[in-house]
Amino acid sequence: LMLRLTLDEVFKLARGATSLVILVGFMLGYLWSMLWYGTLSNIGGLENIATFLVSIHTIQITPIMTTVIAILRYGAPTTWELAVMKSSRQFETLIRMGIPPEHYLAVPRIMGSLLAIPALLAIFSLASYTGAYYLAWRYSGQPVLDFIFSLSNQTTGDHFAIMTFKSVAISLSVSFFCVYNGFKMDTDGLNQ
């Protein structure tokens, strides 16, 4: 049951946020590359765009934007859903049935975001790389393999370690924040 509930939450988060993650990722990759294209190509060629994307965009901008999208598309509705469940006394019903609400309602949401947000970060990064490549291709006709090789030359194990740490930290903070607010919300005036 817990696995099914967790997979439901993963599906809910992925369904609600994936299209927005792809759109915003593509646009930000394109816009950031367009903003820095002239400067970076003047100081050393197109490889600097890949360096910029890996070091600044992927490590700093991607987690922030993915977190904002996850909170808007999943976190706020989850908090509201838990508050409505609390106001309609569903928490008390679970307690009377001998089921702790924390296990039945909180754990699947926390585990769902822990599984879904790293995937959303990867999708956002791929979409932003696609947007940046589109700009590089439009202005210089750079082949896709050259762009991929320049990205892979700039990526180290440290980048993956940082992204893994950030994805776990973001998913736990988003889920704890939303679940905590849903459990602790004052629901006295909600029924009115």
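Any value given below was found using the heavy atoms of this structure, including those in side chains, with hydrogens, waters and symmetry copies removed. None of the values given here were measured: they were computed from a predicted structure.
Note that the CZ atom of Phe26 and the CG atom of Leu126 stand 13.0 Å from one another [nearest 0.5 Å]. Within the model, atoms OG1 of Thr93 and CE of Met85 stand 9.5 Å from one another, a figure rounded to the nearest 0.5 Å. Atoms OG1 and CD1, from Thr67 and Ile170 in turn, are 3.5 Å apart once rounded to the nearest 0.5 Å. Note that the OG1 atom of Thr130 and the CD1 atom of Ile22 stand 9.5 Å from one another [nearest 0.5 Å]. Expressed to the nearest 0.5 Å, how far CG of Leu82 lies from OG of Ser87 amounts to 11.0 Å.
Leu172 meets the side chain to side chain contact (heavy atoms under 4.5 Å, CB included) test with Ile110, Leu114, Val168, Phe176; sequence neighbours excluded. With sequence neighbours left out, the side-chain hydrogen bond (donor to acceptor under 3.5 Å, both in side chains) criterion links Arg89 to Glu92. Under the rule for a side-chain hydrogen bond (donor to acceptor under 3.5 Å, both in side chains), Lys166 has no partner lying at least two apart in sequence or in another chain. The salt bridge (Lys or Arg N to Asp or Glu O under 4.0 Å) search around Glu81 returns Lys12, Arg109, not counting sequence neighbours. With sequence neighbours excluded, the residues that form a side chain to side chain contact (heavy atoms under 4.5 Å, CB included) with Met65 are Val24, Leu28, Ile61, Phe124. For Pro100, the side chain to side chain contact (heavy atoms under 4.5 Å, CB included) test picks out Glu102, His103, with sequence neighbours left out. Shown here are the side chain to side chain contact (heavy atoms under 4.5 Å, CB included) partners of Leu115, two or more places apart in sequence or in another chain: Thr6, Val10. Scored by the ring pair (Phe, Tyr, Trp, His ring centres under 6.0 Å) test, Tyr30 finds Tyr134 as partners (sequence neighbours excluded). With sequence neighbours excluded, the residues forming a side-chain hydrogen bond (donor to acceptor under 3.5 Å, both in side chains) with Arg4 are Asp8, listed by chain and number.
The main-chain N or O of Pro63 is never found under 3.5 Å from a side-chain atom of Thr66 such that the two would form a donor-acceptor pair.
A continuous path of hydrophobic side-chain contacts links Val107 to Met97 [ILVMFWY only; heavy atoms under 4.5 Å]. Phe91 and Ile99 fall within a single hydrophobic cluster, where Ile, Leu, Val, Met, Phe, Trp and Tyr are joined by side-chain heavy atoms under 4.5 Å apart, directly or via other members.
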Using distance only, find each side-chain donor-acceptor pair of residues 68-76 under 3.5 Å and give its atom names and separation, not counting sequence neighbours.
| unit_1 | atom_1 | unit_2 | atom_2 | d |
| --- | --- | --- | --- | --- |
| Arg73 | NE | Gly16 | O | 2.6 |
| Arg73 | NH2 | Gly16 | O | 3.2 |
| Tyr74 | OH | Glu9 | OE1 | 2.6 |

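The closest side-chain heavy-atom distance from Phe177 to Thr79 is not below 4.5 Å.
Sorted by first then second residue, the side chain to side chain donor-acceptor pair (under 3.5 Å) pairs that include residues 14-25, not counting sequence neighbours, number zero.
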side-chain contact (heavy atoms from CB on, under 4.5 Å) between Leu13 and Leu120, intermediate numbers included = CA-CA 9 Å; Leu13 177 56; Leu120 290 175; 4.1 Å; yes
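Leu23 shares a hydrophobic cluster with Met27; the chain of contacts runs through ILVMFWY side chains whose heavy atoms sit under 4.5 Å apart.
The shortest non-hydrogen separation linking Ser113 to Pro118 is O-CD, 4.0 Å.
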